[in-house]
Novice: 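What follows is a structure written as structure tokens; I'll ask about it next.
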Amino acid sequence: MSVSTKIKQKARDLGFPGCGIIPYTAFPEYTHYLDERLQSFPDSKHLYEPLYDQGKVIENAKSLIVCTQRYNKYNKPKCLDGVIGSMYLFDNRLSYAPEYRSRNEFEVYLKTLGLNLLQEKVPSRWAAAKAGVGKFGRNNFIYDPEHGSYLIIHAWVTDQELDYDPENKHSLHPGCDEGCQRCVRACPTKALSGSFSMDRGACIAQLTFFGLKTIDEDLLSRMGLWLYGCDVCQDVCPLNQGKFIEREEFPLLKDFEEYLKPEKILSMDEDTYRNIINPRFWYLGEDNLWLWKCHALRIMVNSGKIEYHPFIKENCHHNDERIRNVALWGIKKVCYQAK
């Protein structure tokens, strides 16, 4: 049995839906699309420039092993559906996630086969498309026929040659009709403006992680009730219909539901945030409780619920100007709606 065959068998045994092995090459397509997006969305330059590192040539790289894991098997808590993006609810990078253990076991297995794994990053979605374990939808996500776009992609680079799969020359999902613009039409902030195009600086997921440079009242309203991430363009996609099975409970998720209520976030202290919330939802960083509070206020305003008005009014006097400004926007919007 060849090394490549052993690798694929191990991937199947560990529950990876897809595993492809291809020669390593640089990713000129990836760099090309980054160049296009910088030209189209110059205000988002600061968010795109760091991504160029993933497309650089990796010295001594010979082979690329790409696997997928699915997260469409978990139950979404009703109170967090439409509030936390599914990929972040069921984060396989958490040490207690079943997928984390499977990925680690797979990596250890690769090393027992004598493979030297290079600690370099590649553009995972392009790697998946080239390796044939998925294809792009027009919302920029990678899809497979069974699980839709509810996939996590892992890639390992090695300096050793292996037996290779034929490289996929057709990266676009055949079922993604060019005439279908559901994801584009549904995008609340219009970050999706066309096929293979997205303004990262207007994407709700990115805005929840990095925040707004200044108060943009229109964007704050369009972000709706999303607290961390966003699923809209995936959930409206015809290719994803019926793909979220929801049969299993994700470990410890219920322990966080109470903490993620907007009123709980507004009253949260730094110790609770750093010790409980940030290790679980870590994209915002351990010093950015203020940003969580801004998002909580935005959700209160956009919910239209009268019971949140006292919280909004109270934070108009917050000592943090960033939080205060969101509350002031909220009061203005609430008063306008009341007219």
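Heavy-atom basis, side chains included; hydrogens, waters and symmetry copies ignored.
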Novice: If every non-hydrogen atom of Asn92 is compared with every non-hydrogen atom of Ala97, which pair is closest and at what distance?
Specialist: CA-CB, 3.9 Å

Novice: For residues Ser221 and Lys333, report the shortest heavy-atom separation together with the two atoms involved.
Specialist: OG-NZ, 3.1 Å

Novice: Does Cys79 reach the side chain of Glu257, with side-chain heavy atoms less than 4.5 Å apart?
Specialist: yes

Novice: Show the nearest heavy-atom pair for residues Leu227 and Arg298, with the distance to one decimal.
Specialist: CA-NH2, 4.4 Å

Novice: Does the side chain of Trp292 reach to within under 4.5 Å of the side chain of Leu260, using non-hydrogen atoms?
Specialist: yes

Novice: Tell me whether Val108 shares a hydrophobic cluster with Tyr100, the cluster being built from Ile, Leu, Val, Met, Phe, Trp, Tyr side chains joined at under 4.5 Å.
Specialist: no

Novice: Got a donor-acceptor contact below 3.5 angstrom from the Arg138 side chain to the Cys183 backbone?
Specialist: no

Novice: In sequence, state the C-alpha distance, the side-chain angles, and the governing distance for Glu99 and Lys73, and then conclude on salt bridge (Lys or Arg N to Asp or Glu O under 4.0 Å).
Specialist: CA-CA 12 Å; Glu99 292 78 12; Lys73 61 183 178 180; 3.4 Å; yes

Novice: Any side-chain heavy atom of Leu89 within less than 4.5 Å of one from Phe250?
Specialist: no

Novice: For the backbone of Leu151 and the side chain of Asp144, can you confirm whether one donor and one acceptor N or O come within less than 3.5 Å of each other?
Specialist: no

Novice: Who pairs with Lys10 by salt bridge (Lys or Arg N to Asp or Glu O under 4.0 Å), at least two apart in sequence or on another chain?
Specialist: Glu105

Novice: Look at the side chain of Thr208 and the backbone N and O of Gly229, then say whether any donor-acceptor pair between them is shorter than 3.5 Å.
Specialist: yes

Novice: If every non-hydrogen atom of Cys233 is compared with every non-hydrogen atom of Leu192, which pair is closest and at what distance?
Specialist: CB-CD1, 3.6 Å

Novice: Decide yes or no for Asp199 and Ser193: does some side-chain heavy atom of the first lie under 4.5 Å from some side-chain heavy atom of the second?
Specialist: no

Novice: Between atom CG of Asn278 and atom CD1 of Ile276, what is the distance when rounded to the nearest 0.5 Å?
Specialist: 11.5 Å

Novice: Would you indicate whether Lys190, at its atom NZ, is surrounded by more than 12 heavy atoms from other residues, nucleotides or ligands within a distance under 6.0 Å?
Specialist: yes

Novice: Can you name the ring-ring contact (aromatic ring centres under 6.0 Å, His included) partners of Phe41, sequence neighbours left out?
Specialist: none

Novice: Does any donor atom in the side chain of Asn116 or Lys111 lie under 3.5 Å from an acceptor atom in the other side chain?
Specialist: no

Novice: For Val57, what are the other residues in its hydrophobic cluster, where any two members join if their side-chain heavy atoms are less than 4.5 angstrom apart?
Specialist: none

Novice: Nearest 0.5 Å, please: how far is NE2 in His154 from CD in Glu107?
Specialist: 10.0 Å

Novice: Sequence neighbours excluded, which residues qualify as ring-ring contact (aromatic ring centres under 6.0 Å, His included) partners of Phe141?
Specialist: none

Novice: Is any side-chain heavy atom of Met1 closer than 4.5 Å to a side-chain heavy atom of Lys6?
Specialist: yes

Novice: Which pairs count as salt bridge (Lys or Arg N to Asp or Glu O under 4.0 Å) when at least one residue sits in residues 201-224, sequence neighbours excluded?
Specialist: Glu217-Lys332, Asp218-Arg222

Novice: Measure the OG-CD1 distance between Ser303 and Ile299 for me, rounded to the nearest 0.5 Å.
Specialist: 9.0 Å

Novice: State which residues pass salt bridge (Lys or Arg N to Asp or Glu O under 4.0 Å) with Asp165; sequence neighbours excluded, sorted by chain then number.
Specialist: Lys8

Novice: Say whether Phe90 and Tyr143 are linked into one hydrophobic cluster, either directly or through other cluster members, by side-chain heavy-atom distances under 4.5 angstrom.
Specialist: no

Novice: Determine, using the 4.5 Å side-chain heavy-atom cutoff (strictly less than), whether Tyr74 and Ile245 are members of one ILVMFWY cluster.
Specialist: no

Novice: Tell me every residue that passes ring-ring contact (aromatic ring centres under 6.0 Å, His included) with Phe210, counting only those two or more places apart in sequence or in another chain.
Specialist: none

Novice: With rounding to the nearest 0.5 Å, note down the distance linking OH in Tyr33 to CG in Leu51.
Specialist: 16.0 Å

Novice: Check the side chains of Thr158 and Lys62 for a donor-acceptor pair under 3.5 angstrom, ignoring hydrogens and angles.
Specialist: no

Novice: Is there side-chain contact between Asn325 and Leu328, with heavy atoms separated by less than 4.5 Å?
Specialist: yes

Novice: Within a reach of under 6.0 Å around CD of Glu321, are more than 12 heavy atoms found that belong to other residues, nucleotides or ligands?
Specialist: no

Novice: Give, for atom CG of Leu94 and atom CZ of Phe281, the distance between the pair rounded to the nearest 0.5 Å.
Specialist: 8.0 Å

Novice: Share the residues that join Tyr164 in a hydrophobic cluster, the rule being Ile, Leu, Val, Met, Phe, Trp or Tyr side chains under 4.5 Å apart at the heavy-atom level.
Specialist: Val3, Ile7, Leu14, Phe16, Ile21, Ile65, Phe106, Tyr109, Leu110, Leu113, Leu115, Leu117, Trp156, Leu162

Novice: Count the heavy atoms of every other residue, nucleotide or ligand shown that sit under 6.0 Å from CZ of Arg182, and state whether that count exceeds 12.
Specialist: no

Novice: What do you reckon, is CD of Glu146 surrounded by more than 12 foreign heavy atoms closer than 6.0 Å?
Specialist: no

Novice: Go through the structure and list residues passing salt bridge (Lys or Arg N to Asp or Glu O under 4.0 Å) with Asp81, not counting sequence neighbours.
Specialist: Lys76

Novice: Quick one: list whatever passes salt bridge (Lys or Arg N to Asp or Glu O under 4.0 Å) with Arg274, sequence neighbours left out.
Specialist: Glu270, Asp287

Novice: Could you check whether any side-chain heavy atom of Gln69 comes within less than 4.5 Å of a side-chain heavy atom of Ser102, counting everything from C-beta outward?
Specialist: yes

Novice: Applying ring-ring contact (aromatic ring centres under 6.0 Å, His included), name anything that partners Phe311, two or more places apart in sequence or on another chain.
Specialist: none

Novice: Considering all heavy atoms of both residues, which atom of Arg125 and which atom of Asn140 are nearest to each other, and what is their separation?
Specialist: NH1-O, 2.9 Å

Novice: Just checking, is any N or O donor in the side chain of Asn240 or Gln234 under 3.5 Å from an acceptor N or O on the other one?
Specialist: no

Novice: Could I get the full list of side-chain hydrogen bond (donor to acceptor under 3.5 Å, both in side chains) partners for Glu258, not counting sequence neighbours?
Specialist: Lys261

Novice: Are side-chain N/O atoms of Tyr48 and Asp35 paired as donor and acceptor at under 3.5 Å?
Specialist: no

Novice: What about the rings of Tyr283 and Tyr88, do their centers lie closer together than 6.0 Å?
Specialist: yes

Novice: Calculate, to the nearest 0.5 Å, the distance between atoms NE2 and CD1 belonging to His147 and Ile142 respectively.
Specialist: 14.5 Å

Novice: Any sub-3.5 Å donor-acceptor pair from Asn72's side-chain atoms to Lys243's backbone N or O?
Specialist: yes

Novice: Whether the side chain of Ser40 engages the backbone of Glu36 through a donor-acceptor N/O pair (distance < 3.5 Å, no angle test) should be reported.
Specialist: yes

Novice: Flag the pair Lys130 / Glu29 as yes when at least one side-chain heavy-atom distance between them is below 4.5 Å, and no otherwise.
Specialist: yes

Novice: Is the side chain of Arg324 donor-acceptor paired with the backbone N or O of His318 at a distance under 3.5 Å, no angle test?
Specialist: yes

Novice: Before we go on, tell me: are the rings of Phe244 and Tyr150 under 6.0 Å apart, centre to centre?
Specialist: yes

Novice: Looking at Asp235 and Gln241, what are the two nearest heavy atoms and their distance?
Specialist: O-NE2, 3.1 Å

Novice: Identify whether Trp226 and Trp282 are in the same connected component of the hydrophobic contact network (ILVMFWY, side-chain heavy atoms under 4.5 Å).
Specialist: yes

Novice: For the hydrophobic clusters of this structure (ILVMFWY residues joined by side-chain heavy atoms under 4.5 Å, transitively), does one cluster hold both Ile306 and Val301?
Specialist: no

Novice: A quick test of your reading: do over 12 heavy atoms of other residues, nucleotides or ligands sit less than 6.0 Å from CD of Glu246?
Specialist: yes

